[in-house]
Amino acid sequence: MIALVRSISPRFAECELTHLSRSPIDLTLAVRQHAAYLKALENAGCDLEILSPLPDCPDGVFVEDMAIALPELAIISRPGAISRRTEVDSVQESISHHRKIKVIEAPGTLDGGDVLWINKNIWVGLSSRTNQSGFEQLHDHLVPLGYHVRAITNTACLHLKSAVSKIGPNQVLLSPAWIEPKHFSTLEVVETDPNEPDAANALLVNTHLIYPSNFPKTAEKISELGYHLQLIDNSEVIKAEGGVTCGCILL
Ligand code: CIR
C-alpha cells in the first residue's frame, strides 16, 4: 500500500477553521507529531510517497481532501475552500501515475474528507465544503462501477469523516452528537464516548487502527472491544480541525 503524504507548511497556523476558534499551534510540535504519524503509516505497512512541499498552503498537509482513490480510479476533488484549490495539481500529478483519473468540475465542490468508502458503499457528506453538484458528479462517476453512492447532510462538523470513520471491514466509529447512526444501519456502529464528540476520526490501514491519544475515553472503549490501536498524539492537527485520516491518501 502506498500513502501519499505532504509535509507541514511553515504557515500551518494560518489554516482554515470552520467550526473551531483559533488556538495557538506549536509548529515545532506539529512537525514532530507529523513525523510520528508517518512512522505509524510505515509501521502499518505503507510505502510513503511524499508530495512536493507547498510552503504557502497552510492546509497542504491535509492531502485527503484532494482526491478519492478507489481501486478502479481516482476522483480529483475541487475543494470547497478557495484557499485550498492550489493544493490539487500536485496530488493529481502524483495519483495519475497510479490510477485512471476523473475530475470534479465547477460548479461542483467536494472535499475528500466528506467521502466515506466501505466496500461498494460510498457516503458523501453535504457540508460547507461539498455541494450537491460535487456529490452528483461523484455519483455519476461511481455508479457505473457498481458503487452505491448516497448523500447525508452534515452541518454539525467540518467533514463527514470528522463524524464517522471506518474501523473495520464492516465497522464504523461514529459520533452520535454529530451524525445519526441510522444512516449506517447496514454496518456495526461503535459510538464515541459521550464526552468526546470529536473522537470519531480513526485511520484503518490494513489491520492497524491509527488513533489519536487525545481521546482517551473513546480509545479505551474501542480497545476493550478488541481493536488494536496505534496511538499517536495529534493535538496540533486537531487544533487545525483535522484528524488522522486527513494526512494521507491510501493507494
Ligand atoms: C480545513 O479547514 O480545510 C483544514 N484546516 C482541515 C482539513 C481537515 N481535513 C479533513 O478532515 N479531511
Side-chain angles (χ1 to χ4, degrees), residues 3-27 30 33-34 37 41 51 54-69 74-88 91 95 104 109-117 122-131 134-135 138 152 154-166 172-175 178-179 192 197-205 210-212 214-215 232 234-250:
L4 291 190
V5 297
R6 189 183 337 260
S7 59
I8 300 242
S9 155
R11 295 178 56 187
F12 187 45
E14 297 166 52
C15 62
E16 292 278 344
L17 291 176
T18 306
H19 296 264
L20 287 186
S21 44
R22 205 164 289 281
S23 53
I25 287 183
D26 179 335
L27 184 62
Q33 290 178 348
H34 190 245
Y37 174 73
L41 286 172
L51 296 158
L54 292 176
D56 285 327
C57 294
D59 284 307
V61 66
F62 298 125
V63 292
E64 169 181 61
D65 293 321
M66 299 300 124
I68 294 93
I75 315 275
I76 304 299
S77 312
R78 185 165 177 271
I82 292 167
S83 71
R84 300 201 57 194
R85 301 237 169 109
T86 48
E87 297 171 34
V88 173
V91 173
I95 293 197
I104 300 294
T109 63
L110 183 88
D111 275 14
D114 274 322
V115 181
L116 175 66
W117 163 44
I122 308 263
W123 289 263
V124 181
L126 296 176
S127 67
S128 60
R129 300 294 176 84
T130 297
N131 66 15
F135 160 69
L138 186 78
I152 304 175
N154 168 39
T155 50
C157 54
L158 181 59
H159 287 129
L160 180 66
K161 274 189 284 191
S162 323
V164 55
S165 65
K166 179 177 176 175
V172 286
L173 177 62
L174 177 144
S175 172
W178 286 354
I179 199 107
T192 54
D198 45 352
N201 187 265
L203 175 61
L204 183 66
V205 187
I210 299 176
Y211 190 73
N214 314 81
F215 305 114
I232 56 160
N234 210 28
S235 64
E236 304 314 286
V237 159
I238 291 168
K239 290 179 199 166
E241 219 167 346
V244 282
T245 61
C246 321
C248 64
I249 296 173
L250 299 175

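The model shown is predicted, which means the values in this text are computed figures rather than measured ones. As the structure lists them, so they are numbered: ligands from 1, and atoms in each ligand from 1.
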message = Holding to ring-ring contact (aromatic ring centres under 6.0 Å, His included), I want the full list of residues that pass it with Y211, two or more places apart in sequence or in another chain.
response =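 Listed in chain order: nothing, the list is empty.
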Going by heavy atoms, is [X] under 4.0 Å from ligand 1?
X: D59; result: yes
X: G243; result: no
X: R129; result: yes

request  = To the nearest 0.5 angstrom, please state how far the CZ atom of R129 sits from the CG atom of L158.
outcome  =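 That separation rounds to 4.5 Å.
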query = Any sub-3.5 Å donor-acceptor pair from S175's side-chain atoms to P197's backbone N or O?
reply =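 Flag set: sc S175 to bb P197 pair under 3.5 Å.
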task = Run down the list G247, C15, A240 and name the one with the heavy atom closest to atom 5 (N) of ligand 1.
result =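 Checking each option, the heavy atom nearest atom 5 (N) of ligand 1 is found in A240.
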Give me the atom names and distance for the closest heavy-atom approach of [X] to [Y].
X: I95; Y: A74; answer: CG2-CB, 3.4 Å
X: L116; Y: K166; answer: CD1-N, 3.9 Å
X: V88; Y: P79; answer: CG2-CD, 3.5 Å

key: Under the salt bridge (charged side-chain N to carboxylate O under 4.0 Å, His left out) test, residues paired with R6 that sit two or more places apart   =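 Not a single residue meets the salt bridge (charged side-chain N to carboxylate O under 4.0 Å, His left out) criterion with R6.
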Provide the number and element of each atom of ligand 1 under 4.0 Å from a heavy atom of [X].
X: E64; value: 10 (C), 12 (N)
X: H159; value: 9 (N), 10 (C), 11 (O), 12 (N)
X: G113; value: 12 (N)

query = N/O of T18 under 3.5 Å from N/O of ligand 1, yes or no?
reply =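 Looking only at distances, the answer is no, because the N/O contact criterion of under 3.5 Å is not met.
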key: Region of L158 that comes within reach of ligand 1 [heavy atoms, distance under 4.0 Å]   =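 L158 to ligand 1: side-chain contact only, backbone stays beyond 4.0 Å.
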message = Between D65 and R84, does any side-chain N to carboxylate O distance fall below 4.0 Å?
response =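 Salt bridge: yes.
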task = Please write down residue, atom name and distance for the protein heavy atom closest to atom 9 (N) of ligand 1.
result =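 In this structure, atom 9 (N) of ligand 1 has D65 OD2, 2.8 Å as its nearest protein heavy atom.
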task = Look at atom 10 (C) of ligand 1 and say which protein heavy atom is nearest, naming residue and atom and giving the distance to 0.1 Å.
result =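 Result for atom 10 (C) of ligand 1: C246 SG, 2.8 Å.
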